[in-house]
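Each residue takes its place number in the sequence, starting with 1. None of the values given here were measured: they were computed from a predicted structure. Atom set for the values below is all heavy atoms of this structure, side chains included, hydrogens, waters and symmetry mates excluded.
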Amino acid sequence: MKIITRDVPPRAAWALEQAGIHPLLARLYAARGVLGKDELDNALGRLLPPPSLKGATEAARLLADAIATGRRMCVVADYDCDGATACAVALRGLRLLGAQHVSYLVPDRVVDGYGLTRPIAQRVKAQGADLLITVDNGIASIDGVAAARELGLDVLVTDHHLPAAQLPEGALIVNPNQPGCGFESKSVAGVGVMFYVLLALRAELRARGVFDERTQPKLDALLPLVALGTVADVVKLDANNRRLVAQGLKRIRAGALPCGLASLFSVAGRKAQTATTFDLGFALGPRINAAGRLADMTLGIECLLTDDAARGEELAKTLDGINRDRREIEGDMREQALAMVESLFDEGEEPPPAICVFDPDFHEGVVGIVAARIKDKLHRPTFVFAASQAPGKEHELKGSGRSIPGFHLRDALDLVAKRHPGVLLRFGGHAMAAGCTIAEENLDVFEQALAQVAQEWLDAATLLRSLHTDGPLSPEYRRPDLVDTLHQEVWGQGFAPPVFSEEVEILSQKLVGEKHLAIKLRHQGQPVDGIWFGHTDPLPAKVKIAFRLEADEWQGARRVRFLVEGAEF
């Protein structure tokens with residue numbers, strides 16, 4: 001592993017410090033491209049204006065008309081955390097703004113597949129809806145939108161995924177990534193897009209005299225859900241997304257959150273009063289996602305929609321149980337998949353440039369997580385496939401892929417599709433994560449085609465695992481109160497949490513729980529405890545490590561512990 005220290009533009013760091021930012025935070029922000037204090041202003045008034053999101057104003061008029069005439073609306077959700085929170089935000093927001101008839105439908109991962117399909121459109125029509133609204137999906141649903149229009153449904157697509165060359169016809173589209181949209185935050189999550197549509201709708205209803213500034217409903221009650229979906233979907237935390245997340249965390253910490261969300265904090269053993277982006281991404285998000293992976297995402301959406309505390313607690317406990325099952329299935333699959341991968345090359349050899357794994361017993365709901373684990377371990381673009389469980393699709397394989405920096409996974413799939421027409425039945429995604437469906441008989445062709453693209457695109461520098469850090473930590477900053485300050489900030493994708501690095505002396509080390517390395521080290525002349533989770537190989541007496549900070553409580557006293565992320569030998 002190569003440990004790289006981020007550049008800190010001295011002028012930006014100095015300007016932030018002069019503006020009253022703590023010197024350590026000033027250094028961290030400057031290294032992440034922040035030039036001035038105004039970029040750190042998370043006030044709601046600093047959010048990008050809704051009219052700058054193409055289609056939002058027209059969507060507001062469509063929804064305002066639907067509310068005024070009592071039309072029935074049905075939200076078609078997606079089965080991940082972004083889709084679930086977007087659905088809950090849509091229903092809560094539309095009801096707040098006066099909608100009387102609004103329901104939702106979430107596809108089943110196994111039976112329905114992804115997005116708005118013809119059968120989904122037919123089910124929406126059968127429910128008696130007049131207006132179909134997609135959240136976190138729809139931009140690629142050419143057939144599904146066409147079917148809905150044939151059935152006489154109006155269609156509003158709210159999505160954030162990258163569009164293909166063809167857009168759905170006959171639908172009103174709100175997506176920052178559609179052609180001609182000047183919205184600056186191209187990384188807004190699906191839940192953020194829906195929140196913006198609601199802001200535009202409220203402005204439209206104000207213009208129509210339905211209410212004024214004083215009497216209008218407060219949509220900020222939706223921000224905890226917006227924050228959860230944004231962090232869980234691992235979208236880039238640009239300035240606008242950081243504002244949305246910061247505002248959501250502010251309300252969560254103040255206790256202003258839906259009861260189901262509060263129950264999720266409780267079952268995860270986390271405290272809402274000190275909520276962090278880490279809690280949203282690694283404790284709450286997986287529990288919502290587990291429902292879509294192994295059961296029915298309706299459970300997750302209902303948990304976010306309920307205002308009954310007892311019901312919220314019951315649903316949160318159910319989701320927690322499903323997540324435990326997910327971890328068990330994932331653990332078994334990961335071990336099996338790694339054994340299959342490691343059989344492809346001899347010990348000491350470099351792994352192949354891209355990795356594909358399939359076993360008939362793999363569970364399709366967990367392939368994405370397993371792909372991520374293999375990618376993390378071997379630092380190679382990875383696809384994991386499972387046999388489709390959908391009726392009549394038994395000979396198809398559903399794959400989920402995860403990538404490394406420098407290898408755009410969706411573009412790679414696009415090139416495979418062009419070189420081998422018909423091999424990819426369906427595909428889509430982003431740079432770092434993508435999915436596809438293939439016929440089982442074409443697995444070898446796909447594996448060879450992906451490896452060929454990887455061979456062409458990846459060089460030695462890209463294949464070398466690197467870790468960007470913030471350099472040495474001054475000993476005066478090794479304080480529990482400062483660790484708490486760091487944790488309260490908004491960190492995530494594209495705005496990485498602080499990781500420090502420097503050479504330390506290892507005083508002692510031992511294995512704990514058979515799979516974690518507990519160490520005592522000397523940092524800047526003083527002894528510090530550390531732990532490297534999931535690592536068992538001993539460290540040399542002197543070594544350069546990369547580490548995060550944790551405030552650990554021991555015998556009633558709080559102390560700083562180093563969480564090792566990597567080492568350079």
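Residues in residues 368-391 take part in these salt bridge (Lys or Arg N to Asp or Glu O under 4.0 Å) pairs, two or more places apart or across chains: Glu330-Arg373, Glu350-Arg380. Among residues at least two apart or in separate chains, salt bridge (Lys or Arg N to Asp or Glu O under 4.0 Å) pairs with a member in residues 108-118 are Asp112-Arg123, Arg118-Glu150. A salt bridge (Lys or Arg N to Asp or Glu O under 4.0 Å) check over residues 76-93, counting only residues at least two apart or in different chains, returns the pairs Arg92-Asp307.
Taking the six-membered ring where the residue is Trp, Tyr79 and Tyr114 present perpendicular rings, their angle passing 60° and hence far from 30°. Note: Phe533 and His516 have perpendicular aromatic rings, judged against thresholds of 30 and 60 degrees for the angle between ring planes.
Note that the OG atom of Ser263 and the CD atom of Glu313 stand 5.5 Å from one another [nearest 0.5 Å]. Of the inter-residue distances, the one linking Asn442 atom CG with Thr437 atom OG1 reads 12.5 Å to the nearest 0.5 angstrom. Atoms CE and CD1, from Met333 and Ile374 in turn, are 8.5 Å apart once rounded to the nearest 0.5 Å. The line from CG of Asn323 to OG1 of Thr318 is 12.5 Å long, rounded to the nearest 0.5 Å.
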Using the side chain to side chain donor-acceptor pair (under 3.5 Å) rule, take His160 and Asn177 through it: C-alpha gap first, then chi angles, then the decisive distance, then the call.
CA-CA 6 Å; His160 70 126; Asn177 291 302; 5.7 Å; no
Would Asp320 and Arg287 satisfy salt bridge (charged side-chain N to carboxylate O under 4.0 Å, His left out), going step by step from the backbone distance to the final call?
CA-CA 6 Å; Asp320 187 52; Arg287 284 167 170 79; 2.8 Å; yes
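When only modelled atom types and interatomic distance are considered, Glu456 and Gln452 share a side-chain donor-acceptor pair under 3.5 Å. Gln247 and Arg243 are not linked by any side-chain donor-acceptor pair at a separation below 3.5 angstrom, with hydrogens and angles left out of the test. For the 3.5 Å distance criterion, the side chains of Asp238 and Ser185 qualify, holding a donor opposite an acceptor.
Closest approach of Ala431 and Ser403 over heavy atoms only: O-CB, 3.7 Å. Of all the heavy atoms in Ala417 and Phe427, the pair that sits closest is CB-CE2, 3.8 Å. Between Arg32 and Pro498, the closest heavy-atom pair is NH2-CA, 3.7 Å. When every heavy atom of Arg326 is checked against every heavy atom of Ile369, the shortest pair comes out as CD-CD1, 3.5 Å.
Between Glu328 and Arg324, no side-chain nitrogen of the basic residue sits less than 4.0 Å from a carboxylate oxygen of the acidic one, so the salt-bridge criterion is not met.
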In a table with atom names and distances, give each donor-acceptor pair under 3.5 Å that connects a side chain of residues 277-286 to protein atoms at least two apart or in another chain.
unit_1, atom_1, unit_2, atom_2, d
Thr277, OG1, Trp491, O, 3.1
Asp279, OD1, Arg270, NH1, 2.9
Asp279, OD2, Thr276, N, 3.0
Asp279, OD2, Thr276, OG1, 3.4

For a quick test of your reading: what N or O donor-acceptor pairs under 3.5 Å do the side chains of residues 290-303 make, sequence neighbours left out?
unit_1, atom_1, unit_2, atom_2, d
Arg293, NH1, Gly365, O, 3.2
Asp296, OD1, Thr298, N, 3.0
Asp296, OD1, Thr298, OG1, 2.9
Asp296, OD2, Thr298, OG1, 3.3
Glu302, OE2, Tyr104, OH, 2.7

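Residues satisfying the side chain to side chain contact (heavy atoms under 4.5 Å, CB included) test with His535, not counting sequence neighbours, are Leu517, Trp532, Asp537.
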